Amino acid sequence: MPIKIYNSLTRKKEDFVPVREGAVTMYVCGPTVYSLSHIGHARSAVSFDVIYKYLRYKGYKVTYARNYTDVDDKIIKRANEEGVPSQELAGRYIKEFDDDMDALGVEVPTYRPKATETIKEIIEVTSKLIDKGCAYAVDGDVYYSVRKKKDYGKLSGKNIDDLEAGARVEVDERKEDPLDFALWKASKPDEPSWESPWGKGRPGWHIECSAMCMRWLGETVDIHGGGKDLIFPHHENEIAQSESATGKVPYVKYWLHNGFVNIEKEKMSKSLGNILNIRDVIKDYTSEAIRLFLLSSHYRSPIDYSKDSLREAEAAMERFYKTLQRVNTEWPETKNIDFCVHCNEGRFTEMLDAMDDDFNTAEVIGNIFKEVNKANRLMDSAKASGKHEGLLEFSYILSMFHEASEFLGIFGRTPEGYFTEKNSRASVPAEEIERLIAERNEARKNKNFKRADEIRKGLLEQGIVLEDGAKGTTWSVKG
RNA sequence: GGCGGCGUACCCAAGUGGUAAGGGAGCAGUCUGCAAAACUGCCAUUCAGCGGUUCGAAUCCGCUCGCCGCCUCCA
C-alpha cells in the first residue's frame with residue numbers, strides 16, 4: 001500500500017510517488033535565527049523529523065535539507081541593538097537551535113544550508129529571472145513580477161485581484177505591481193552585503209529557499225514542508241520564482257504544512273507576550289514527554305499547549321517506561337529478543353497503515369498503549385500462575401515498541417535512561433532520598449508506620465513519590 | 001471582504017459509509033501495614049444543531065450556529 005500524503009497544493013490526500021523511484025528529496029523551512037527557538041519551531045521540527053524517519057523506515061533513500069535563514073531584517077536589527085556583527089548573532093542562535101533540536105531528539109538533516117552560503121546561487125537565479133522577463137531591477141533592488149506568472153496563487157488559493165482588493169500592502173511606487181516581492185535588496189551602509197550585478201545588496205526572504213533547494217536537492221523536490229503560516233506568501237512566492245526560473249513544473253510535488261501550537265488557547269505571538277521557548281519547556285518536562293505531546297495530535301491540526309497536557313504526556317511516558325522496567329526485571333529472558341523477527345508477519349500492519357495514512361502518529365500512540373496494557377496483563381497473570389508463559393507475545397510487543405521508536409523517536413530508550421533524565425529534576429539530593437528511604441524501611445520493619453508515613457508524606461511535599469514494590473522501594477519525581 | 005480549517009465523553013484525542021481506538025481525570029474492586037503502581041469493572045445508544053442521500057452516516061450533500069487560521073514578520 002502506498003503512503004498517502006495530504007498535499008496542500010491539491011487540498012487532497014494523494015498517493016505518494018516520488019520523482020525518482022526509491023529516493024525522496026525533502027526540504028523544510030527552518031528558523032530565522034535571531035532569538036531562541038520556541039515550541040512552534042519544535043513542532044515543525046519534530047513533525048518533519050518523524051516524516052523523515054518514517055520515509056527512511058519504509059526503505060526510501062531520503063535526502064533532507066533544512067535551512068537557516070541567517071540574513072534578514074530582524075537579525076540585522078537585533079545585531080545592531082547588541083552592537084555585534086549580524087553573522088555573529090546568527091551563528092550564536094544557530095548553535096542554540098541545534099542544541100534545542102538535539103535535546104528534543106531531532107535528527108540532524110542531511111544538509112543544513114545557510115542563506116549566506118548560497119549567495120552565488122541566489123544571484124544566478126535572480127539573473128535568470130531578469131533574463132526571462134519575470135523580474136526587474138530598480139535602484140539596486142530586484143523584484144519578481146507576479147503578473148508574469150499565470151497561475152500565481154495556486155498554492156494559497158488566492159488570486160492577484162482579490163489580494164489587491166484587500167490590500168494591506170504598502171504601495172511602493174517603484175514596483176510595477178504592489179504584490180511584486182523583492183528577490184534582492186540594495187543594502188544600507190550598516191547592513192551585511194554582497195556584490196551583485198545590481199550593486200551591493202542582500203537576498204530577499206523567499207529566494208533563498210528556492211536557491212537552496214536547487215543547489216542541494218535539484219529543480220523538482222518531492223516534499224517541501226513548513227508551518228501553515230508559510231503558505232502565503234512565502235511558499236507561494238517560492239513556487240513562482242522556481243517555476244519561472246527553471247521552467248519545470250511542479251517545483252514541489254507534495255506540499256506539507258504543520259498546524260500551530262496555541263498557548264492556553266491563545267495564539268502564540270510576540271504581542272501577547274506568550275512565546276514559549278523550547279529551552280524553558282525542556283527544563284520542566286522530559287524530552288520524550290514533549291515529543292509525545294507534539295505527536296499525539298495529527299501534524300496538521302492545531303494543538304493547545306498547557307501545563308496539564310504536558311503533565312499528561314509525562315504521565316503516559318512514565319506508564320510506558322514503568323512497564324518496560326517491569327518487563328526487564330520480571331522477564332529478564334526478553335533481553336535476548338531479536339527485534340524485527342516479526343516485521344514480516346503482518347503484526348505491525350495496523351501501526352504502519354496509520355503511518356501510511358498521512359503520518360497518523362496519534363493512532364500509532366493509541367496502539368502502543370494498548371500493547372502496554374497487554375504487557376502488564378501478561379505479567380500479572382504470569383505472577384499469579386508462577387509460570388513464564390507467553391514469551392513469544394512479549395517478543396511481539398517489545399518488537400513493536402522498537403519499530404515504533406525507529407520513526408517516532410520515542411519509546412526507544414532504556415527505562416533507566418528515561419528515569420535518570422526525569423529524576424535529575426529532583427529538588428532533593430538523591431543521597432538524601434536514599435537515606436530517608438532506608439530510615440523509612442527500618443521504621444516499617446519495626447511496624448512504626450507513623451514514622452514511615454511521615455517520611456513518605458514529607459518527600460511527597462517536595463515532589464518526590466515513593467513506591468514500595470516487590471523488589472524494594474523506588475522513588476521518582478512527581479509528574 | 002477573499003481563501004482555508006475545525007466542532008467526537010469532564011479534559012486531550014483517533015476514527016471519514018458498516019454500528020464510537022487510546023491517554024488523563026473520576027468512581028468501585030483486587031493487591032498493599034496504609035499508599036503508589038499495575039490489573040478488573042463503570043464512565044458518549046452517540047459524534048455542534050436541523051434537514052437530505054443510503055439497507056446503513058460521526059463519516060457523503062445542503063443549511064444554521066459556534067470557534068480558529070491566513071490574506072502583514074511569523075513554525
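When reading the values below, keep in mind they use all heavy atoms of this one structure, side chains included, and skip hydrogens, waters and symmetry mates. In this text the structure is predicted, and so the values were computed from the model without any measurement.
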Checklist outcome for this item: Assign each of Lys265(A) and Asn360(A) the nucleotide of RNA chain B bearing its closest heavy atom; nearer the 5' end lies the nucleotide of Lys265(A)
Item to check | Mate of G26(B) where both pairing distances stay under 3.5 Å, Watson-Crick or G-U | outcome: C42(B)
Item to check | Base-pairing mate for A48(B) - Watson-Crick or G-U, with both contacts under 3.5 Å | outcome: U64(B)
Checklist entry - Do the rings of Phe320(A) and Phe401(A) sit parallel, tilted or perpendicular, given the 30° and 60° boundaries? => result perpendicular
Checklist entry - Once the angle between the rings of Phe97(A) and Tyr68(A) is folded into 0 to 90°, is it parallel (under 30°), tilted (30 to 60°) or perpendicular (over 60°)? => result perpendicular
Next on the checklist: Any strand counts, and the cut-off is 3.5 Å on both contacts for Watson-Crick or G-U wobble. Which nucleotide pairs with U53(B)?
Outcome noted: none
Checklist entry - Roughly how many Å is it from CZ in Arg444(A) to P in A36(B), rounded to a whole number? => result 14 Å
Item to check | Given RNA chain B, 5'-ward residue of the pair Ser297(A) and Asp380(A), judged by closest heavy atom | outcome: Ser297(A)
Checklist entry - Is the distance from OP1 or OP2 of C70(B) to the nearest side-chain N or O of Lys267(A) less than 4.0 Å? => result yes
Item to check | cation_pi(Lys13(A), Tyr6(A)) dist<6.0 Å, angle<=45 | outcome: no
Checklist entry - Can a side chain N or O of Asn262(A) be found less than 4.0 Å away from OP1 or OP2 on C68(B)? => result no
Checklist entry - Could you state the CG-P distance from Asp357(A) to U59(B), rounded to the nearest angstrom? => result 18 Å
Checklist entry - Below 4.0 angstrom, N of the basic side chain to O of the carboxylate: do Glu107(A) and Lys53(A) qualify? => result yes
Item to check | Centroid-centroid distance, Phe16(A) to Tyr254(A), less than 6.0 Å | outcome: yes
Checklist entry - Does the aromatic ring of Phe260(A) sit over the six-membered base ring of A75(B), closer than 5.5 Å centre to centre and tilted less than 30°? => result yes
Next on the checklist: From CZ of Arg326(A) over to C1' of A36(B), roughly how many Å is that when rounded to an integer?
Outcome noted: 14 Å
Checklist entry - How long is the line joining CE of Met351(A) and C1' of A14(B), in whole Å? => result 16 Å
Item to check | N/O (side chain, Asn258(A)) to phosphate O (OP1/OP2, A75(B)) under 4.0 Å | outcome: no
Item to check | Under 3.5 Å donor-acceptor pair, Arg456(A) side-chain atoms to A35(B) base atoms | outcome: yes
Checklist outcome for this item: Rounded to whole Å, CE of Met379(A) lies from C1' of C31(B) at a distance of 15 Å
Item to check | Distance, rounded to the nearest Å, where Glu467(A) contributes CD and C39(B) contributes P | outcome: 13 Å
Checklist entry - Could you state the NE2-P distance from His257(A) to C68(B), rounded to the nearest angstrom? => result 23 Å
Item to check | Short side-chain N/O contact from Lys154(A) to OP1 or OP2 of C3(B), under 4.0 Å | outcome: no
Checklist entry - Can you check whether His206(A) and His235(A) have ring centres sitting under 6.0 Å from each other? => result no
Checklist entry - Rounded to the Å, how far apart are Ile437(A) CD1 and A36(B) P? => result 17 Å
Checklist entry - Below 3.5 Å, does any donor atom in the side chain of Asp453(A) face an acceptor in the base of G33(B), or the other way round? => result yes
Next on the checklist: Regarding C34(B), can its base be found pairing with the side chain of Asp468(A) as donor and acceptor, where the two atoms are less than 3.5 Å apart?
Outcome noted: yes
Next on the checklist: Can you build the contact string for nucleotides 20-30 of chain B? Use B for base contact, S for sugar-phosphate-only contact, and - for no protein heavy atom under 4.0 Å.
Outcome noted: -BSBS------
Checklist entry - Should C31(B) form a Watson-Crick or G-U wobble pair with both distances under 3.5 Å, which nucleotide is its partner? => result none
Next on the checklist: Is there a side-chain contact between Trp475(A) and the phosphate of A36(B), meaning an N or O under 4.0 Å from OP1 or OP2?
Outcome noted: no
Next on the checklist: Parallel, tilted or perpendicular: which one describes the rings of Trp331(A) and Phe394(A), with boundaries at 30° and 60°?
Outcome noted: tilted
